[in-house]
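Atoms considered below: every heavy atom in the structure, side chains included; atoms not considered: hydrogens, waters and symmetry mates. None of these values were measured; they are calculated from a predicted model. Below, chains carry the letters A, B, ... as their sequence lines are ordered, and counting in each starts from 1.
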2 protein chains.
Amino acid sequence: MMTNGLQNRQTAIPEEINGLRMTRQRQEVYRFLMGERTHPTANEVFMKIKEALPSVSLATVYNCLEALVQHKIIRQVNFDREPSRYCPNLDEHGHFHDETTGTIHDVKFKPGINLTDILDLPPNTVIKDIEITLRGQLA
Amino acid sequence: MMTNGLQNRQTAIPEEINGLRMTRQRQEVYRFLMGERTHPTANEVFMKIKEALPSVSLATVYNCLEALVQHKIIRQVNFDREPSRYCPNLDEHGHFHDETTGTIHDVKFKPGINLTDILDLPPNTVIKDIEITLRGQLA
DNA sequence: GCGGCAAATTAGAATCATTCCTATTTTGAT
DNA sequence: ATCAAAATAGGAATGATTCTAATTTGCCGC
Ligand SMILES: [Mn+2]
Ligand SMILES: [Mn+2]
Ligand SMILES: [Zn+2]
Ligand SMILES: [Zn+2]
């Protein structure tokens, strides 16, 4: 029998992820992002979750996204000076921006490749984060 | 004898580079960048060249920088949502952002490495540009 | 359950790098 | 010199993001 008082309408989201309390707003942001491969902007997230949570504000969406990024639950992706986009894929990967369609695709690294191996870094360098961005077209 | 009527006060900059006419303002922007390893922002360029050209405007600096980037004379570098920075190094290279000092360092690739070789790209992908960005600290 | 408190949310104002607008100046070509 | 095109300057506008202040919510001990 269900000890949980909530109905399981969808995939259950835990109360807390990586130490971040999952409020209703954060759940909606997180749930939407997990089902998207398109790397939506904050405003796209906002417009979408308003359907389920009409009172949500854009400021809250920014707050939620920042909290989720800070707790390494999602990643923030920037292309030049365009609005930031958000990515649920936590594997190490790059981003290919298709100029023809405007779409963004995750790019995996070939197995066994260590990014820092190919870089000529000064000794004693501690790398916290690497970002790889590609621009081009899918001919 | 000098057929050129101008005095050679400094390293001469040609009238035209990559098809871009080198106006006085563009020369100043270009000259300053060529002597800098710090990847200055538009505003830093502005403040510096005002010394030699007090009437220059920030709008013109942005115009010059855009023209120089478009003609592949310099490169624009973005870190997250920070103000754009500009780089005179046209070799293929990445950028390491030292969080401790806030400084930015060029990072070469080890010889014989082809960036696209390590990426798992879909076939028929034409890559126009690759950008590699690192964040961390020089311990 | 109830008061108190910290965290989260909200709406709207503020920020600020960048872009846009437009009048003026400069340039290069006839 | 004349003209058209390109470049510049200064100021206004833009827009993603952040900040502020005022609620609201969730949670703890009573
Ligand atoms: Mn860039
Ligand atoms: Mn980034
Ligand atoms: Zn991604
Ligand atoms: Zn550089």
Inter- and intrachain pairs under salt bridge (charged side-chain N to carboxylate O under 4.0 Å, His left out), touching residues 32-52 of chain B, at least two apart: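 Only B:Glu44-B:Arg85, B:Lys48-B:Glu51 qualify under salt bridge (charged side-chain N to carboxylate O under 4.0 Å, His left out).
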message: Please list all pairs meeting salt bridge (charged side-chain N to carboxylate O under 4.0 Å, His left out) that have one or both residues in residues 87-110 of chain A, counting only residues at least two apart or in different chains.
response: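 Pairs touching residues 87-110 of chain A that pass the test: A:Glu99-A:Arg135.
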task: Give the first and the last nucleotide of DNA chain D, reading 5' to 3', that has any atom under 4.0 Å from a heavy atom of chain B.
output: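 Listing 5' to 3', DNA chain D meets chain B from D:dA6 to D:dT17.
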How many whole angstroms separate atom [atom1] of [X] from atom [atom2] of [N]?
| X | N | atom1 | atom2 | value |
| --- | --- | --- | --- | --- |
| A:His71 | C:dA7 | NE2 | P | 12 Å |
| A:Leu65 | C:dA8 | CG | C1' | 15 Å |
| B:Glu82 | C:dT18 | CD | P | 11 Å |
| A:Glu66 | C:dA7 | CD | P | 15 Å |

- prompt: With B:Pro122, which residues qualify under side-chain contact (heavy atoms from CB on, under 4.5 Å), at least two apart?
  reply: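 Counting only residues at least two positions away or on another chain, B:Pro122 forms a side-chain contact (heavy atoms from CB on, under 4.5 Å) with A:Leu138, B:Thr125.
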Contact nearer the 5' end of DNA chain C, comparing A:Arg24 with B:Pro83: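 The residue mapped nearer the 5' terminus is A:Arg24.
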field: Terminal helix-axis angle for the helix from C:dG1-D:dC30 to C:dT30-D:dA1, with five pairs defining each axis and rounding to 10 degrees
entry: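 Here the local axes at opposite ends form an angle of 30°.
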Using every non-hydrogen atom in the two residues, find where [X] and [Y] come nearest and quote the distance to one decimal.
| X | Y | answer |
| --- | --- | --- |
| B:Arg75 | B:Ile130 | NH2-O, 4.4 Å |
| B:Asn78 | A:Asp80 | ND2-CA, 3.3 Å |
| A:Leu134 | A:Phe79 | O-CE2, 4.3 Å |

Produce the list of close N/O pairs, under 3.5 Å, pairing protein atoms with atoms of nucleotides 25-30 of chain C; give distances to one decimal.
{"unit_1": "C:dT27", "atom_1": "O3'", "unit_2": "B:Arg21", "atom_2": "NH1", "d": "3.2"}

query: Which residues in residues 39-47 of chain A have at least one heavy atom lying under 4.0 Å from any atom of DNA chain C?
result: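 Nucleic-acid contacts, sorted: none.
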query: Should A:Leu119 and B:Phe96 count as side-chain neighbours, where that means a heavy-atom distance under 4.5 Å?
result: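 The answer is no; the side chains never approach within 4.5 Å.
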Which distance, rounded to the nearest 0.5 Å, do you find between the [atom1] of [X] and the [atom2] of [Y]?
| X | Y | atom1 | atom2 | value |
| --- | --- | --- | --- | --- |
| A:Met22 | A:Arg31 | CE | CZ | 11.0 Å |
| A:Thr101 | A:Ile104 | OG1 | CD1 | 9.0 Å |
| A:Asn89 | A:Leu33 | CG | CG | 12.0 Å |

Using residues 56-66 of chain B as the side-chain source, report each donor-acceptor pair under 3.5 Å to any protein atom, sequence neighbours left out, with the distance given to one decimal.
{"unit_1": "B:Ser57", "atom_1": "OG", "unit_2": "B:Thr60", "atom_2": "N", "d": "3.1"}
{"unit_1": "B:Ser57", "atom_1": "OG", "unit_2": "B:Thr60", "atom_2": "OG1", "d": "3.0"}
{"unit_1": "B:Asn63", "atom_1": "ND2", "unit_2": "B:Ala59", "atom_2": "O", "d": "3.4"}

task: Apply side-chain contact (heavy atoms from CB on, under 4.5 Å) to the pair B:Leu115 and B:Ile132, showing each step before the final yes or no.
output: CA-CA 10 Å; B:Leu115 263 302; B:Ile132 297 198; 3.6 Å; yes
query: Does any pair with a residue in residues 17-28 of chain A pass side-chain hydrogen bond (donor to acceptor under 3.5 Å, both in side chains), and if so which ones, sequence neighbours excluded?
result: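 Qualifying pairs, neighbours excluded: A:Arg24-A:Glu28.
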Restricting to nitrogen or oxygen on both sides, can you table the protein-nucleotides 10-16 of chain C pairs closer than 3.5 Å?
{"unit_1": "C:dT10", "atom_1": "OP1", "unit_2": "A:Gln25", "atom_2": "NE2", "d": "3.4"}
{"unit_1": "C:dT10", "atom_1": "OP1", "unit_2": "A:Ser55", "atom_2": "O", "d": "3.2"}
{"unit_1": "C:dT10", "atom_1": "OP2", "unit_2": "A:Ser57", "atom_2": "N", "d": "3.3"}
{"unit_1": "C:dT10", "atom_1": "OP2", "unit_2": "A:Thr60", "atom_2": "OG1", "d": "2.5"}

message: According to ring pair (Phe, Tyr, Trp, His ring centres under 6.0 Å), who are the partners of A:His95, at least two apart in sequence or on a separate chain?
response: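 A:His95: ring pair (Phe, Tyr, Trp, His ring centres under 6.0 Å) contacts with A:His39, A:His93.
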message: B:Glu82: which residues meet the side-chain hydrogen bond (donor to acceptor under 3.5 Å, both in side chains) condition with it, sequence neighbours left out?
response: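 Residues passing side-chain hydrogen bond (donor to acceptor under 3.5 Å, both in side chains) with B:Glu82: none at all.
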